[in-house]
Engineer: 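First the structure, then my questions, so here it is.
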Amino acid sequence: MISEKPRVRFAPSPTGYLHVGGLRTALYNYLFAKKNNGTFVLRIEDTDRNRFVEGAIENLIESLKWCGLNFDEGPGTENKFGPYLQSERLQIYKKYAIELIEKKYAYYCFCSTERLEKLKEEQQKLKLPQAKYDKHCLNLSADEINANLENNLPHVIRLNVPLNQKVNFKDIVRGDVEFDTSNIDDQVLIKSDGFPTYHMANVVDDHLMQITHVIRGEEWLSSTPKHILLYDFLGWEKPIFAHLPLLLNSDRSKLSKRQGDVAVEDYRKKGYLKGALINFVALLGWNAGDDVEIYNIESLIEKFSLERVNKAGAVFDMDKLNWLNAEHLRMKSDSELLQLLRDEILKSEFNTLTLPDEYLIAIIRVMKERVSFIREFIDKCTYFYKVPVVYEEASVQKNWKEETPAYMNKLAEKFAGLVNPQKEDFETALTEVATELNIGKGKLIHPLRLAVSGVSTGAGMFDLLFILGKEEVLKRINSAILNIKQTT
RNA sequence: GGCGCGUUCGUCUAGUGGCUUAGGACGCCGCCCUCUCAAGGCGGAGAUCACGGGUUCGAAUCCCGUACGCGCUACCA
């Protein structure tokens with residue numbers, strides 16, 4: 001446990017949807033906060049006007065909420081640390097940028113993109129280890145700067161990175177990391193449109209919002225020294241860093257849209273349960289050190305620790321997600337499943353049917369062990385929703401023999417005599433018929449299943465009969481006798 | 001190219017110097033259960049712990065090097 005209450009943030013840029021990698025980052029932040037009685041902040045890093053996407057923020061928050069990762073502070077919550085949209089904090093960044101300029105830790109740069117490009121080209125031609133800004137504008141006189149500013153010359157503000165210094169920090173996941181400032185460019189802090197870059201905004205906000213732990217993706221590890229410099233120049237206390245391993249495609253490249261679904265909403269639409277998605281994503285890069293694989297959010301909060309986060313990237317394995325989905329589905333109560341199934345029916349071809357709760361719950365009970373997705377309570381047993389019109393060819397060949405119609409007639413007769421039959425009554429009746437005909441029960445069960453369901457797989461035979469009810473069963477048997485054509 | 005990070009079964013991982021003939025999970029295969037399909041139970045195949053050197057009585061575990069992968073190298077985040 002952390003003694004002081006930690007404050008962590010999930011700081012996505014609103015590019016249109018919540019990426020599963022982002023979900024994992026958000027989740028670890030959330031778990032860490034909840035575990036340590038801390039605060040989970042959502043901050044929107046919308047400082048790139050070129051990448052503005054209409055509705056992206058709403059969509060992001062919607063996905064987060066669906067997953068159950070509710071933030072304590074963020075857009076819409078009134079708090080002394082707001083606003084939480086960086087685009088609404090421009091003056092704040094400007095203020096600190098000016099402070100840095102006054103301390104000579106930053107400077108105005110009036111270089112044109114043309115000059116910058118030319119500089120880069122020349123440096124590449126010289127095969128320099130890397131292209132860096134040449135600090136040209138650092139040498140401008142005060143008069144020149146003022147004149148340029150007065151003439152409204154386009155400009156940026158750059159970080160004045162010192163040469164030949166070591167910057168090191170301790171990362172919770174990676175241990176000690178060290179960089180040489182000679183490899184760090186004079187990063188733009190404030191762009192010519194007045195917006196800050198990520199580096200400036202994230203440091204200023206993390207400080208002002210009193211963030212204690214910066215938990216983010218590994219792609220930020222390389223720019224952390226710039227942030228360290230900024231904290232030092234501004235005289236601020238640094239947060240603790242934890243850089244998370246990346247999520248990967250099956251070919252070990254960074255998880256991308258090209259190779260499958262990456263948005264949380266995609267998985268939601270495909271029918272994954274939020275509990276399963278969370279469980280799965282939590283285990284991608286973290287484990288408690290034991291053999292437990294199934295978690296709900298509470299148990300994750302209880303067990304989570306940043307120290308047990310792995311260093312290496314993890315491949316997103318759909319097979320395991322599917323298995324987890326089935327496990328989570330089975331953990332749900334009948335009434336929870338009923339609600340989910342009703343939602344699913346509304347979206348299906350059976351949305352006009354009036355189905356009583358007891359009927360659907362009966363289906364849920366017999367199909368629960370046979371499905372991985374809610375939609376399969378429909379797709380894997382459509383015979384509960386409609387009369388079979390086609391009969392599975394392979395099963396017809398295997399089970400529908402010359403004598404079968406006679407057997408089925410006999411069964412139908414026996415069933416017809418039953419009064420308000422329960423599951424066991426159907427079973428007894430079938431056993432009697434088998435005995436009378438002097439055949440094995442299988443000789444009746446298989447063709448009966450085909451006649452009643454049209455397929456060869458599914459719920460137990462007598463469950464099936466009971467759920468459908470005597471009248472429906474009789475109808476289907478008779479219809480099958482008329483419609484199934486023997487193939488032999 | 002430079003800088004940084006990483007590397008245990010196909011995949012997610014356990015492992016922090018002797019308990020390890022490297023354990024679990026998903027997937028795969030087989031058997032059992034059984035009216036089918038599942039679920040469940042049992043079992044199997046699957047990792048020379050990237051490679052090469054050290055340190056040590058002893059290394060997947062510590063050190064060095066190499067290879068490979070990934071990330072960053074923007075007035076994108």
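To find a chain, count down the sequence lines: A is the first, B the second, and so on, and within it residues start at 1.
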Engineer: Should A/N287 be listed as having a side-chain N or O under 4.0 Å from OP1 or OP2 of B/A14?
Structural biologist: yes

Engineer: Would you kindly give the CZ-to-P distance between A/F426 and B/C35, to the nearest whole Å?
Structural biologist: 19 Å

Engineer: Between A/F280 and A/Y272, does the ring centre distance come in under 6.0 Å?
Structural biologist: no

Engineer: A/F179 has a side chain; which of B/G4, B/C75, B/A77 sits nearest to it?
Structural biologist: B/G4

Engineer: Between B/G24, B/G4, B/U7, which one does the side chain of A/D291 approach most closely?
Structural biologist: B/G24

Engineer: Give me the distance, rounded to whole Å, that separates B/G65 from B/G18 when you measure between the C1' atoms they each carry.
Structural biologist: 27 Å

Engineer: Specify the separation, in whole Å, of atom CD1 of A/I57 and atom C1' of B/A77.
Structural biologist: 14 Å

Engineer: To the nearest Å, how far apart are A/E293 CD and B/U11 P?
Structural biologist: 16 Å

Engineer: Taking any heavy-atom pair under 4.0 Å as a contact, classify A/C381: base, sugar-phosphate, or nothing.
Structural biologist: nothing

Engineer: Base, sugar-phosphate, or nothing for A/R252, non-hydrogen atoms under 4.0 angstrom?
Structural biologist: sugar-phosphate

Engineer: Between A/R308 and B/G15, is there a side-chain N or O to OP1/OP2 distance below 4.0 Å?
Structural biologist: yes

Engineer: Rounded off to whole Å, could you give me the CG-to-C1' distance for the A/D290 and B/G15 pair?
Structural biologist: 13 Å

Engineer: Taking side chain as C-beta onward, heavy atoms only, is A/D425 less than 4.5 Å from A/F415?
Structural biologist: no

Engineer: So, do A/W286 and A/Y28 have ring centers that fall under 6.0 Å from each other?
Structural biologist: no

Engineer: Hey, which sits more toward the 5' end of RNA chain B by its nearest nucleotide, A/D48 or A/D319?
Structural biologist: A/D319

Engineer: Please determine if A/D180 and A/K166 form a salt bridge, counting it only when a charged side-chain N lies under 4.0 Å from a carboxylate O.
Structural biologist: yes

Engineer: Provide the Watson-Crick or G-U wobble partner of B/C68, both distances under 3.5 Å; none if there is no partner.
Structural biologist: B/G6

Engineer: Summarise how protein sits on nucleotides 39-44 of chain B as a single string, 5' to 3': B when a protein heavy atom is under 4.0 Å from the base, S for sugar-phosphate-only contact, - for no contact.
Structural biologist: SS----

Engineer: Would you check, one step at a time, whether the test salt bridge (charged side-chain N to carboxylate O under 4.0 Å, His left out) holds for A/K414 with A/E436?
Structural biologist: CA-CA 11 Å; A/K414 182 70 91 178; A/E436 287 163 21; 2.9 Å; yes

Engineer: Using a 4.0 Å heavy-atom cut-off, does A/G442 contact any base of the nucleic acid, only the sugar-phosphate backbone, or nothing at all?
Structural biologist: nothing

Engineer: Any side-chain N or O of A/N50 below 4.0 angstrom from OP1/OP2 of B/A77?
Structural biologist: no

Engineer: May I ask you to say what A/V177 touches in the nucleic acid, namely base, sugar-phosphate or nothing, with a heavy-atom cut-off under 4.0 Å?
Structural biologist: sugar-phosphate

Engineer: Would you say the side chains of A/D48 and A/Y198 form a donor-acceptor pair under 3.5 Å?
Structural biologist: no

Engineer: What is the base-pairing partner of B/C35, counting Watson-Crick and G-U wobble geometry with both distances under 3.5 Å?
Structural biologist: none

Engineer: For A/G21, does its backbone N or O pair with a side-chain atom of A/T25 as donor and acceptor, under 3.5 Å?
Structural biologist: yes

Engineer: Which whole number of Å gives the distance between the C1' atom of B/G15 and that of B/A22?
Structural biologist: 8 Å

Engineer: Please state how far atom CG in A/L329 lies from atom P in B/A38, giving the value in whole angstrom units.
Structural biologist: 17 Å

Engineer: For A/E472 and A/K470, what are the C-alpha separation, side-chain angles and deciding distance, and is it a salt bridge (charged side-chain N to carboxylate O under 4.0 Å, His left out)?
Structural biologist: CA-CA 6 Å; A/E472 183 66 24; A/K470 187 177 97 175; over 6 Å; no

Engineer: Calculate the interatomic distance between A/K120 atom NZ and B/A74 atom C1'; express it in whole Å.
Structural biologist: 6 Å

Engineer: Verify, without hydrogens or angle tests, whether A/D171 (side chain) and A/H243 (backbone) share a donor-acceptor contact under 3.5 angstrom.
Structural biologist: yes

Engineer: If only side-chain N and O atoms of A/N202 are considered, is one of them under 4.0 Å from the OP1 or OP2 phosphate oxygen of B/A77?
Structural biologist: no

Engineer: Select one nucleotide: of B/C5, B/C75, B/A77, the one nearest the side-chain heavy atoms of A/E218.
Structural biologist: B/C5

Engineer: Taking any heavy-atom pair under 4.0 Å as a contact, classify A/P447: base, sugar-phosphate, or nothing.
Structural biologist: nothing

Engineer: Contact class for A/G217 (heavy atom, under 4.0 Å): base, sugar-phosphate, or nothing?
Structural biologist: nothing

Engineer: What does A/D180 touch in the nucleic acid at a heavy-atom separation under 4.0 angstrom: a base, only the sugar-phosphate, or nothing?
Structural biologist: nothing

Engineer: Has the side chain of A/R51 got a donor or acceptor that lies under 3.5 Å from a partner of the other kind on the base of B/C76?
Structural biologist: yes

Engineer: Under 4.0 Å between any heavy atoms, over every strand shown, what does A/K441 touch: base, sugar-phosphate, or nothing? Just pick one.
Structural biologist: nothing

Engineer: Under the criterion salt bridge (charged side-chain N to carboxylate O under 4.0 Å, His left out), I'd like the reasoning laid out for A/R51 against A/D46: C-alpha separation, chi angles, the key distance, then a yes or no.
Structural biologist: CA-CA 8 Å; A/R51 291 220 277 175; A/D46 57 344; over 6 Å; no

Engineer: For B/A22, what is the paired nucleotide under Watson-Crick or G-U wobble rules, both distances under 3.5 Å?
Structural biologist: none

Engineer: Can you measure A/D317 atom CG to B/C12 atom P for me and round it to whole angstrom units?
Structural biologist: 8 Å

Engineer: Heavy atoms only, 4.0 Å cut-off, all strands: where does A/S13 land among base, sugar-phosphate and nothing?
Structural biologist: sugar-phosphate

Engineer: For A/V156, report the nucleic acid contact type (base, sugar-phosphate, nothing); a contact means any heavy atom under 4.0 Å.
Structural biologist: base

Engineer: Over all strands shown, is A/A459 touching base, sugar-phosphate only, or nothing at heavy-atom distances under 4.0 angstrom?
Structural biologist: base

Engineer: Closest to the A/K254 side chain: B/C35, B/U7, B/G71?
Structural biologist: B/G71

Engineer: What's the gap between B/C3 and B/U11 when it is taken at their C1' atoms, as a whole Å value?
Structural biologist: 31 Å

Engineer: Have a look at A/Q124 and say if it touches a base, only the backbone sugar-phosphate, or nothing, with a 4.0 Å heavy-atom cut-off.
Structural biologist: nothing

Engineer: Ignoring backbone atoms, establish whether A/T47 has a side-chain N or O less than 4.0 Å from OP1 or OP2 of B/A77.
Structural biologist: yes

Engineer: Does A/K368, at its NZ atom, have more than 12 non-hydrogen atoms belonging to other residues, nucleotides or ligands within less than 6.0 Å?
Structural biologist: yes

Engineer: With a 3.5 angstrom cut-off on both distances, give the Watson-Crick or G-U wobble partner of B/G1, or none if there isn't one.
Structural biologist: B/U73

Engineer: Taking the side chain of A/R174 as its heavy atoms from C-beta onward, which of B/C75, B/C72, B/C5 lies nearest to it?
Structural biologist: B/C5

Engineer: Provide the distance between the two P atoms, one in B/G30 and one in B/A67, to the nearest whole Å.
Structural biologist: 44 Å

Engineer: In whole Å, I'd like the distance from the CD1 atom of A/I184 to the P atom of B/C72.
Structural biologist: 16 Å

Engineer: Can you check whether A/K191 has a side-chain N or O nearer than 4.0 Å to OP1 or OP2 of B/C76?
Structural biologist: yes

